[in-house]
Amino acid sequence: MSRHYLFLLAQGMPAAGLQWPALLYTAQGEQCRTTLGALPTWLAGAAVVLVLPMEMAGCCKLDPVPGRRPTRESLAYAAEEQLAEALETLHLAFGPPDAGGYRQVVTVALEEYRHLMSMLQAQGIDPVAVHVDADLLGTEEACALWFEGRWLLGGADGTRLAVSERQAHVLSRRLAPRLWLAEPGSPGEALSDKHVASAVGRLVDGGGTAVDLRQGTMRRQRSSPPWQALGGGMLAALLLVCLAGCLRADWLQQQALLQHAENVQMFARWAPGQVPGADLAAQVQALEQRPGPPTA
């Protein structure tokens, strides 16, 4: 399935409205800059992956939780001690456990997230997945990427940050060694030790292990496939046919009972004193064959 990536840029966070600047990376590898309220109409109904800036999210590493398949509630309570806000105000998304049982946890403000999704859905866009940009750096190695005027830190060590160029110079000496990536000619090239042809392309390629925020109450409501709708229609038609058959059979039975009652009344008038049997026709024939005057 071809997917289009919609990156919401960090500079739009204070307003967080329809003028929020965005970068659209299409399935054909084309890039265009737009705003949240002026997205192309052809995105309606398309497979869109929404990418949020790290600045509006939080991230932590969750210790192993007992149980083979712990519930979302148990995972949330286990992560509560590491969160600076109340659980009721946050939307939590959990990654799968790694070899040691540890999970990546990504949080966003619940009301802000709902407002953002409603603005997209008003334009007919229902994202197939929602990620955070720093979480798209993959898990194979610790690295940093210059993207849209700041450094994204992520990778194998579990770090998920977005920092300025000045902060990056300080962190580069304090954090574990990592690969610093930047496009040629970009402001981040001075700190980088390896070039990438496209920072956006690098993020898109690393999305396989990123935590998807469409979980829990914010999961995507999938529509039924066409064949399921057709099957439902056929089942409804079959039920109507069966119901019509049952109603007709009941009506015929009632008519038969009425006819039998009328026959019994006529027999009583025709042969007074005779007790009507189960087979009135045979009883009438037997009476007609008896010797004596003909019966009216």
Side-chain angles (χ1 to χ4, degrees), residues 3-26 31-39 43 48-60 83-85 89-93 95 104-121 123 125 127-139 143-155 158-168 171 180-183 186-188 196 198-207 209-215 218:
R3 295 187 171 191
H4 311 282
Y5 281 73
L6 179 63
F7 291 81
L8 297 183
L9 305 183
Q11 54 264 39
M13 284 183 55
L18 294 177
Q19 298 304 314
W20 195 330
L23 175 63
L24 178 61
Y25 185 84
T26 70
Q31 299 183 36
C32 67
R33 293 185 179 273
T34 180
T35 61
L36 186 58
L39 298 175
L43 282 180
V48 177
V49 177
L50 179 65
V51 182
L52 307 178
M54 186 65 221
E55 287 83 348
M56 68 177 293
C59 191
C60 64
L83 304 177
E85 300 178 58
T89 64
L90 295 174
H91 171 66
L92 279 68
Q104 194 77 25
V105 185
V106 178
T107 67
V108 291
L110 181 58
E111 289 304 318
E112 186 177 358
Y113 184 35
R114 284 176 175 168
H115 178 60
L116 174 59
M117 296 298 288
S118 66
M119 287 190 290
L120 286 170
Q121 291 168 352
Q123 302 180 64
I125 301 173
V128 297
V130 179
H131 300 303
V132 176
D133 54 10
D135 197 31
L136 292 174
L137 290 174
T139 57
C143 60
L145 176 70
W146 179 260
F147 178 66
E148 291 297 320
R150 78 252 209 267
W151 282 100
L152 298 178
L153 277 66
T159 303
R160 301 291 184 269
L161 290 174
V163 298
S164 65
E165 185 176 6
R166 182 178 179 180
Q167 292 170 330
L171 290 175
W180 296 79
L181 308 170
E183 295 178 353
S186 66
V196 291
S198 170
V200 176
R202 174 64 177 78
L203 293 174
V204 171
D205 292 342
T209 58
V211 178
D212 188 359
L213 275 73
R214 300 225 66 175
Q215 302 180 16
M218 301 300 292

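These figures come from a predicted structure and were not determined experimentally.
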- Give a yes or no answer on whether the side chain of His131 reaches the backbone of Val211 with a donor-acceptor pair at less than 3.5 Å. yes
- Would you indicate whether the side-chain heavy atoms of Leu120 and Leu39 approach each other to under 4.5 Å? yes
- Task: Begin from the C-alpha positions of Leu110 and Thr89 and carry the test side-chain contact (heavy atoms from CB on, under 4.5 Å) through to its verdict.
- Result: CA-CA 6 Å; Leu110 181 58; Thr89 64; 5.9 Å; no
- Item | Leu52 side chain reached by Glu112 side chain, heavy atoms, under 4.5 Å | no
- Message: With rounding to the nearest 0.5 angstrom, report the CG to OG1 distance, Asp135 to Thr159.
- Response: 11.5 Å
- In Å and rounded to the nearest 0.5 Å, what is the CZ to CG distance from Arg150 to Leu145? 9.5 Å
- Leu137 and Gly154 have their tightest heavy-atom pair at CD1-N, 3.4 Å
- Message: I'd like to know if Arg33 pairs up with Glu148 as an ion pair, taking the criterion as any Lys NZ or Arg NE/NH1/NH2 lying under 4.0 Å from an Asp or Glu carboxylate oxygen.
- Response: yes
- Message: Checking Glu183 against Arg202 for the side-chain contact (heavy atoms from CB on, under 4.5 Å) test, could you report, in this order, the C-alpha distance in whole Å, the side-chain angles of both residues, the deciding distance, and whether it holds?
- Response: CA-CA 10 Å; Glu183 295 178 353; Arg202 174 64 177 78; over 6 Å; no
- Query: Do Val200 and Phe147 come close enough that some side-chain heavy atom pair is under 4.5 Å?
  - Reply: yes
- Work out which heavy atom in Gln123 is nearest to a heavy atom in Met119; give both atom names and the distance. NE2-O, 3.5 Å
- With a 4.5 Å heavy-atom cut-off, do Phe7 and Leu136 have their side chains touching? yes
- Message: Just so I know, are the side chains of Val108 and Leu116 near enough to count as touching, which here means a heavy-atom distance under 4.5 Å?
- Response: no
- Query: Closest heavy-atom contact between Thr26 and His4?
  - Reply: CA-ND1, 3.5 Å
- Query: How long is the span from the CG atom in Leu153 to the CD atom in Gln167, to the nearest 0.5 Å?
  - Reply: 10.0 Å
- Query: Going through the checks in order, is the side-chain contact (heavy atoms from CB on, under 4.5 Å) test met by Leu213 and Leu50?
  - Reply: CA-CA 10 Å; Leu213 275 73; Leu50 179 65; over 6 Å; no
- Item | Non-hydrogen side-chain atoms of Pro127 and Met117 separated by less than 4.5 Å | yes
- Note on the structure: Taking every heavy atom of Arg160 against every heavy atom of Ala134, the minimum-distance pair comes out as CD-O, 3.7 Å
- So Tyr113 and Met56, side-chain contact (heavy atoms from CB on, under 4.5 Å) or not? Walk me through it. CA-CA 9 Å; Tyr113 184 35; Met56 68 177 293; 5.8 Å; no
- Taking atom OG1 of Thr35 and atom CG of Leu8, what is their separation to the nearest 0.5 Å? 10.5 Å
- Query: Which atom pair, heavy atoms only, marks the closest approach of Trp151 to Ser164?
  - Reply: CD1-O, 4.1 Å
- Query: Atom CZ in Arg214, atom NE2 in His91: separation rounded to 0.5 Å?
  - Reply: 9.0 Å
- Message: Let me confirm one number: the OG1-CG distance from Thr34 to Leu24, rounded to the nearest 0.5 Å.
- Response: 7.5 Å
- Item | Atom of Asp212, atom of Val130 and distance for their closest heavy-atom approach | OD1-N, 2.9 Å
